[in-house]
Amino acid sequence: MIVEDDTSTAMLLERLIKRIWANSSVYVFNEVSAAFIHWREQGTDLLLVDMGLPGVGGMALLEQIHRVGRGKTVPVIVSGHANRSFVIEARHYGVRDYIVKPFSAKALMVRLSELMATAKVRTDSAPHFESFVAFVEYHLQANNLSLPMSPELAHTIETLEHEHKLNKTVIVKNWELEPALVGRLIGAANTGSYNTTMRVIDNFKEAVEQLGTTAVTNLAIELSLHPGSELTLEPLQKRAEQLCDHGKKLAAQVTELAKKVDGDGGACRAAAVLHGAGDLALLQLMQAWHDDQHPIDVNRCDQWLTSYRTTARDQLGIQWHLPLDMRRRINAIDQLPEGAIKVDMLLERIAALTLAGDSDQEELKTLRERAGLSK
């Protein structure tokens, strides 16, 4: 159970817990009364609680649980308040550790694992898979996909944030062509946790403005901790580089087209960057399978990508809560749908055909005329 009123921190903590124990049930509350009711009715193995909660504060929750009898619950404070009196009082209520914000995500994961092992609380074990195909299909069904992102990039973002050198302009300028960040941030910016209006956000700049630097930092850290995030197998690295390079070229092409017809360049650019997301997610699963001490035949990489890329891309769109129009733009790069088609979708398809060198193709000529680009 996580009791934290900062949405960004709560989301990060929840994902870190899921990284350690994939099948765990995690409940998040932003104030004491609801959290205590849940604990009294259902209990919890692990309790992460902030001190600076609205109302009575996190220490009051610890006091209530201690008074009733905390049983097997392992309480841990995760807070920006670290004065001596807090630490002493927390010990009185059976707190097992006091983790000060800002914290290292990796160090926190290690510490929580140690605490739960020492407390001898039963935690779920990782499921066993007979083959890589079974491994892929499990993650597709579980909506548990991510994209490769180097730990160095996450570390850079985290360092800039701590040094107060990270701002929205820096983020957009440096990382608007980074697929993992583009997909994750746009998706997060459209969730109820960050977007309380009905306004759809479908470009990277608006997503960053909506989230703020702290949320961007936390999401970047979480992405870098996903199993297989760092591609170390050379064939997978090369394929990922090819995909990202193609995405950048496609983004540049569609941005230029959008300028000519007053299209939504930001939204078109983001869709182009995410066109290879399904492939990238599968490359990450291949790396994760290898990192878990399983042999993997990289020569079958093309076969697996062909079999699962469309499903993986569609699942990411759902998992990330990407706007429907954005998903349609991404799919339009390969094939336009039947019926009414928006200009932005035409631009995506035109950019793809142009980049492929099909400038004399009849389809391209027809689409350029429909989009107002015939001249």
Side-chain angles (χ1 to χ4, degrees), residues 147 168 172-173 175-179 181-191 195 197-211 243-280 309-310 312-375:
L147 303 189
K168 297 170 185 177
V172 174
K173 178 181 178 181
W175 299 301
E176 70 169 341
L177 299 179
E178 180 69 35
L181 284 177
V182 171
R184 190 72 180 84
L185 267 58
I186 290 178
N190 282 284
T191 62
N195 191 346
T197 69
M198 298 297 291
R199 185 171 68 92
V200 174
I201 296 174
D202 56 6
N203 71 72
F204 188 67
K205 182 179 179 181
E206 289 185 2
V208 172
E209 291 173 348
Q210 183 77 20
L211 295 170
L243 288 165
C244 291
D245 184 59
H246 182 268
K248 291 174 182 178
K249 292 177 180 178
L250 190 61
Q253 184 70 48
V254 78
T255 299
E256 289 302 312
L257 292 173
K259 290 178 182 177
K260 297 178 181 179
V261 295
D262 197 26
D264 190 342
C268 288
R269 186 162 54 250
V273 170
L274 292 177
H275 177 246
D279 293 60
L280 289 168
R309 64 162 53 102
T310 301
R313 189 168 64 199
D314 291 344
Q315 286 295 95
L316 278 168
I318 296 170
Q319 178 184 315
W320 283 344
H321 307 287
L322 293 181
L324 182 58
D325 277 350
M326 186 171 191
R327 289 183 243 168
R328 288 172 174 165
R329 288 190 196 96
I330 296 171
N331 291 331
I333 294 171
D334 294 322
Q335 182 178 2
L336 291 171
E338 299 292 335
I341 300 173
K342 294 183 178 180
V343 173
D344 288 349
M345 296 168 66
L346 292 174
L347 297 180
E348 299 287 3
R349 182 61 180 157
I350 292 169
L353 293 172
T354 303
L355 195 61
D358 297 331
S359 57
D360 296 328
Q361 189 173 314
E362 190 62 32
E363 179 189 3
L364 182 56
K365 293 180 181 179
T366 301
L367 294 181
R368 288 183 65 87
E369 290 178 359
R370 291 177 63 183
L373 292 164
S374 55
K375 295 183 179 180

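Counting from 1, the numbers follow the sequence of the chain as shown.
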Can you list the residues that meet the side-chain hydrogen bond (donor to acceptor under 3.5 Å, both in side chains) rule with Arg327, with sequence neighbours excluded?
none
Closest contact, heavy atoms only, Ala270 versus Asn203:
CB-CA, 4.4 Å
Please output the side-chain donor-acceptor pairs of residues 256-263 that fall under 3.5 Å, not counting sequence neighbours, one pair per line with the distance.
from	atom 1	to	atom 2	distance (Å)
Glu256	OE2	Lys259	NZ	3.3

Tell me, do Arg328 and Ile341 make a side-chain contact under 4.5 Å, heavy atoms counted?
no
To the nearest 0.5 angstrom, please state how far the CD1 atom of Ile330 sits from the CG atom of Leu316.
9.0 Å
Can you find a heavy atom in the side chain of Met326 that is under 4.5 Å from one in the side chain of Val200?
no
Sorted by chain and residue number, the side-chain contact (heavy atoms from CB on, under 4.5 Å) partners of Thr310 (sequence neighbours excluded) come out as Asp314
Taking side-chain hydrogen bond (donor to acceptor under 3.5 Å, both in side chains) as the test, write out the residues that go with Lys249, two or more places apart.
Asp245
Identify the two heavy atoms, one from Leu185 and one from Phe204, that lie closest to each other, and give their separation to 0.1 Å.
CD2-CE1, 3.7 Å
With distance as the sole test, does Arg269 use its side chain to make a donor-acceptor pair with the main-chain N or O of Ala252 at under 3.5 Å?
no
The salt bridge (charged side-chain N to carboxylate O under 4.0 Å, His left out) partners of Glu209 (sequence neighbours excluded) come to none
Quick one, Leu322 and Leu274 - any side-chain contact, counting heavy atoms below 4.5 Å?
yes
Partner set under side-chain contact (heavy atoms from CB on, under 4.5 Å) for Ala312, not counting sequence neighbours
Leu140, Leu145, Leu282
For Gln253, give me all partners under side-chain hydrogen bond (donor to acceptor under 3.5 Å, both in side chains), at least two apart in sequence or on another chain.
none
Partner residues of Lys342 under the side-chain contact (heavy atoms from CB on, under 4.5 Å) criterion, sequence neighbours left out:
Asp325, Met345
Point-to-point distance, once rounded to the nearest 0.5 Å, from CG of Leu243 to NZ of Lys248
12.0 Å
Sub-4.5 Å side-chain heavy-atom contact between Arg370 and Leu367:
yes
Only residue of His275, Arg349, Arg309 satisfying side-chain hydrogen bond (donor to acceptor under 3.5 Å, both in side chains) with Asp334 is His275
Applying salt bridge (charged side-chain N to carboxylate O under 4.0 Å, His left out), name anything that partners Arg329, two or more places apart in sequence or on another chain.
Asp202, Asp344
Partners of Ala272 by side-chain contact (heavy atoms from CB on, under 4.5 Å), sequence neighbours excluded?
Leu250, Ala251, Val254, Glu348
Would you say the side chain of Trp320 lies within less than 4.5 Å of the side chain of Ile186, judging by non-hydrogen atoms?
no
Under the side-chain hydrogen bond (donor to acceptor under 3.5 Å, both in side chains) test, which residues partner Asn190, sequence neighbours left out?
none
Do Leu177 and Cys244 make a side-chain contact, defined as non-hydrogen atoms from C-beta onward lying under 4.5 Å apart?
no
Counting distance only, does the side-chain N/O of Arg368 pair as donor-acceptor with the main-chain N or O of Ile350 below 3.5 Å?
no
With rounding to the nearest 0.5 Å, note down the distance linking OG1 in Thr191 to CD in Gln210.
9.0 Å
